[in-house]
Each structure stands twice: as structure tokens, then as C-alpha cells.
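Take a look at the structure set out below.
Numbering of ligands and ligand atoms starts at 1, following listing order.
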Amino acid sequence: MPRALISGITGQDGLYLAELLLAKGYVVYGLMRGQNNPKRELVEQTVPGVHLVTGDLTDISSILRALEASQPDEFYNLGAISFVAYSWENARITSDVTGLGVLNALEALRLFSPTDPKRVRFYQASSSEMFGKVQTVPQTEETLLWPRSPYGVAKVYGHYMTINYRESYGMHASSGILFNHESPRRGPEFVTRKITQAVARISLGMQDGIMLGNLEARRDWGFAGDYVEAMWRMLQMDEADDYVISTNETHSIREFLELAFSEVGIDDWSHLVSFDPSFTRPAEVDLLIGDSTKAQSRLGWAPTVDFPTLVSLMVKHDVEEQERLLVRAG
Ligand code: NDP
Ligand code: GDR
């Protein structure tokens, strides 16, 4: 049976990827930080087949121990401080985890398999945030990177370090440049889930309105379940490479709001949304739209969930979840 190690197992993508790999018959290990991680129970309930090992991307010996324990054929490096807004306030720790953490993972792999650089196939979770102030529309694998946040800069470092280790040591190291992908498992700090949770609560009379920042930013939003399939496909290729993963459509936060409110039958929502400048960013990424032609032709990958379906499934999930909370509260 193939074996995989996933860092970031407690996150949105870690859970979807673990489900996918377990369904394919993999033995799956998850690297989880902290001695008492509050998300341990969630992982154990959602993907009970996963073996958890403790470790931290800032601690190279803990990554090495996880490699020894899991003996993986594939290592998916999804762990990161991933909230862009947080990265300005905590630029150093973001750089340590999201940037230098990738170097630690690559170096741990070299120590784990010094004579066979291709023994473990490596996936790096690169990001469309690296395009930042976009230099071409749409963005492809060839687009010049121009990050706009400490998070984006850290991802650029991890991205080029992955390419460098592939070129320097012949490692099977691939980088997925994933555009925004969402799901009912998305953290509530990200704008999509913040909106769908709020819309659900507003529709049930549990909340009066929602405070947001810039509504005009545009993102290329896909479904996380589709995107982990692309990660796996990259590691099944004979040659490692870099791929943009995107839907090739762009929508504004305003459009997301429009669809989310209409899902609960609210057509006039302008009085329910207020502007809060604290949710704006020192430097904004105004427009992201990918071109995933390379992934579609070489990996045979394509998104299966379109934008209206994505918004609808997230709102429906949150309405059901909030109804359960209401019932429990009596
Ligand atoms: P999440 O924020 O949901 O998950 C991040 C994961 O990283 C969590 O499991 C977290 O663990 C873990 N982590 C944080 N710090 C450390 C550390 N020091 N050592 C080890 N693990 C750590 O992110 P997503 O699942 O959405 O994204 C997965 C990856 O893909 C991330 O690298 C993200 O930057 C990247 N990405 C995401 C995109 C998206 O739209 N979702 C798009 C492009 C890239 P804990 O629970 O302990 O905090
Ligand atoms: P992003 O996602 O920064 O694209 O990074 P996020 O959902 O946080 O922001 C998207 C856009 O929405 C605007 N916005 C708000 N954002 C948040 N979080 N909260 C608000 O109240 C709000 N109001 C407006 C933002 O300004 C921004 O333009 C995500 C993360 O998953 C990264 O880890 C990943 O690399 C990229 O997607 C691709």
C-alpha cells in the first residue's frame, strides 16, 4: 500500500486530502503540532484512519522523526500560517513557518533519504498570493511573481526553494500554485466562510449584520475537494513540475455576497453589510484569475464545482449547522 505524510492535517486541505488518499488505499500519517492541539478531535472524527504524529515545521528534527515514523512515498507539505491579514502583524512567525518551514521539510527529506533523492515525492502548497500585484491577466506558471503580503513573500521563498531542490538534488518536488479554494471546512476568518456563516445566522435571526473590508477584490474561487485531487495527480507524474490550479473565472466579494444572500431568499442586503476599515489590508491583491490549461492538459484535472454551486453548498451547510446550534441552545 502506498504511504503518505501530510503536514497541515488539521486544516481544510489536510482533511480533504486525507479522505482522498484513504479512499485510494493509502496509509496516511498526519503531522500535527502542539501537545494538546484543539483540532485533534476533529481530525480523529473526520478521518479516523489517519495516524497522527506530533511535529512542527519550524523544528526540523520533528519533521525527520515524522518521516521515520511514516516511511512515506509521498510528503504533502500543506502546513503554513495561511491567513494573509495575520501575516502583516506577525511577519516573522509567518516567514519562519510558511517560508523557512519549507526549507526544513526539504532538508529533512534529504537527511531521511541521502542516497535516493526521488525516494519520497514532495508536494509544496504554493499560492496565487505569489502573483499579488498581477503582471499578466490571467496568471500562468510563467507569470512574474509580485507578492503583496509577508505571507505572499514567504510562499515565494518556499516555491523557489522547492524548484531549487528539484534542480539541485534531482528531488521529485512539485509545486501547486493553487488559487483560492473553499468549502464548508474553510476557516471562519476567510471571507467566504465569514460571509456564509453570517448569512446563515442572519437568515435565522441570530445576527443583525456583517462587517467587511474591501468588497471589490476579485478572486478565482474553486472547491477544495477538487483541488486536493490535483495535488495527488501532480505526484503521480513521472517528472515533477509546477502547475497553476484554478477555475479560470473571477468574481468579486460583492458577487459572493449577492449569491449567498439570495440562497436564503434575501434580495436586498445592502443594509446588512457595513464597511469596517480594520478588515482592509496595507496592500491589497485586487484581481486574481488563473489559467490552469497546463494542469488540465497534462494532469487531466478539471474543476467540477462552479462558483454558484460553491456558494450554495457553503450557505446550505452553514444554515444546517446554525440550526443545530439553535436547537442545542434550546
Ligand atoms: P489552513 O489554514 O486551513 O491549515 C493550515 C495548516 O497548517 C493547519 O493544519 C495548521 O495547524 C498547520 N500549521 C500551522 N503552523 C504550523 C507549524 N508551525 N507546523 C506545522 N503545521 C502548522 O490552510 P488550508 O488547508 O486552506 O491550506 C493548506 C495549504 O495550502 C497552506 O499552506 C496554504 O497556505 C496553502 N494554500 C491555500 C489556499 C486556499 O485557498 N485554501 C490557496 C493556496 C495555497 P494548526 O491547526 O495546528 O494551526
Ligand atoms: P486571501 O483570502 O487573502 O485571498 O487568501 P481571504 O478570504 O482572507 O480574503 C479574500 C479577499 O477578501 C477581502 N475581504 C476580506 N477578507 C477577510 N478575511 N475578512 C473580511 O472581512 C474581508 N473583507 C474583504 C480581502 O481583502 C481579500 O481581498 C486565501 C488564503 O487561503 C491563503 O492562504 C491562500 O494562499 C490564498 O487564499 C490563495
Are any of the side-chain nitrogens in Asp318 or Arg201 under 4.0 Å away from the carboxylate oxygens of its partner? no
Look at Glu68 together with Arg65 and state whether they make a salt bridge at an N to O cut-off of under 4.0 Å. no
Note the single closest protein heavy atom to [atom], along with its residue, its atom name and the distance in Å.
| atom | value |
| --- | --- |
| atom 24 (C) of ligand 2 | Asn214 O, 3.2 Å |
| atom 22 (C) of ligand 2 | Val191 CG2, 3.6 Å |
| atom 37 (O) of ligand 2 | Asn180 ND2, 3.0 Å |
| atom 20 (C) of ligand 2 | Lys194 NZ, 3.7 Å |
| atom 12 (O) of ligand 2 | Ile253 CD1, 3.2 Å |
| atom 27 (C) of ligand 2 | Arg219 NH2, 3.4 Å |
| atom 8 (O) of ligand 2 | Arg281 NH2, 2.9 Å |

What I want to check is whether the side chains of [X] and [Y] have a donor and an acceptor closer together than 3.5 Å.
| X | Y | result |
| --- | --- | --- |
| Thr280 | Asn214 | no |
| Thr58 | Asn104 | no |
| Arg186 | Gln197 | no |
| Asp276 | Ser274 | no |

Are more than 12 heavy atoms, taken from residues, nucleotides or ligands other than Asp208, located less than 6.0 Å from that residue's CG atom?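 No, the 6.0 Å shell around CG holds no more than 12 heavy atoms from other groups.
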Are the side chains of Arg119 and Pro114 in contact, using a 4.5 Å heavy-atom criterion?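 No - every pair of side-chain heavy atoms lies 4.5 Å or more apart.
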Working to the nearest 0.5 angstrom, can you tell me the gap between [X] [atom1] and [Y] [atom2]?
| X | Y | atom1 | atom2 | result |
| --- | --- | --- | --- | --- |
| Thr54 | Gln35 | OG1 | CD | 9.5 Å |
| Leu288 | Thr250 | CG | OG1 | 7.0 Å |
| Asp241 | Glu141 | CG | CD | 7.5 Å |

Heavy-atom contacts with [X] under 4.0 Å: which atoms of ligand 2 show up? List them by number with element.
| X | answer |
| --- | --- |
| Gly213 | 21 (O), 22 (C), 23 (N), 24 (C) |
| Tyr151 | 32 (C), 33 (O), 34 (C), 35 (O) |
| Phe83 | 8 (O), 18 (N) |
| Ala217 | 28 (O) |
| Glu189 | 17 (C), 18 (N) |
| Glu284 | 25 (C), 26 (O), 27 (C), 28 (O) |
| Ser127 | 34 (C), 35 (O), 36 (C), 38 (C) |

Work out whether the distance between some heavy atom of Ser128 and some atom of ligand 2 is less than 4.0 Å. yes
Can you name the residues that come within less than 4.0 Å of ligand 1, going by heavy atoms only?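 Residues Gly8, Ile9, Thr10, Gly11, Gln12, Asp13, Arg33, Asn37, Lys39, Asp56, Leu57, Leu78, Gly79, Ala80, Ser82, Val97, Ala125, Ser126, Ser127, Tyr151, Lys155, Leu178, Phe179, Asn180, His181, Arg186 each place a heavy atom under 4.0 Å from ligand 1, listed by chain and number.
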Please confirm whether the ring centroid of Trp221 lies under 6.0 Å from the ring centroid of Phe256. yes
Which segment of Ser82 sits under 4.0 Å of ligand 2 when only heavy atoms are counted: both
Please state which part of Val84 comes within less than 4.0 Å of ligand 2, counting heavy atoms only: side chain, backbone, both or neither.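 Contact part for Val84 vs ligand 2: side chain (C-beta onward).
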Can you give me the closest heavy-atom contact between Phe112 and Val120, atom names plus distance?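 Scanning both residues, the minimum pair turns out to be CE2-CG2, 3.8 Å.
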Shortest non-hydrogen contact from Leu215 toward Ser252: O-CB, 3.8 Å
Test salt bridge (Lys or Arg N to Asp or Glu O under 4.0 Å) on Arg254 and Glu216 and set out the steps. CA-CA 6 Å; Arg254 191 178 290 284; Glu216 309 313 328; 2.6 Å; yes
Out of Arg186, Glu129, Glu182, Lys155, whose heavy atom is nearest to atom 31 (O) of ligand 2? Arg186
Could you tell me whether Leu178 and ligand 2 have an N or O pair separated by under 3.5 Å?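 Between Leu178 and ligand 2 (N or O atoms, distance only) the closest approach is not under 3.5 Å.
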Does Leu212, backbone or side chain, put an N or O under 3.5 Å from an N or O of ligand 2? no
Would you verify whether the NZ or CZ of Arg185 falls within 45 degrees of the ring axis of Tyr16 while also being under 6.0 Å from that six-membered ring's centre?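 Yes, cation above the ring, under 6.0 Å and within 45°.
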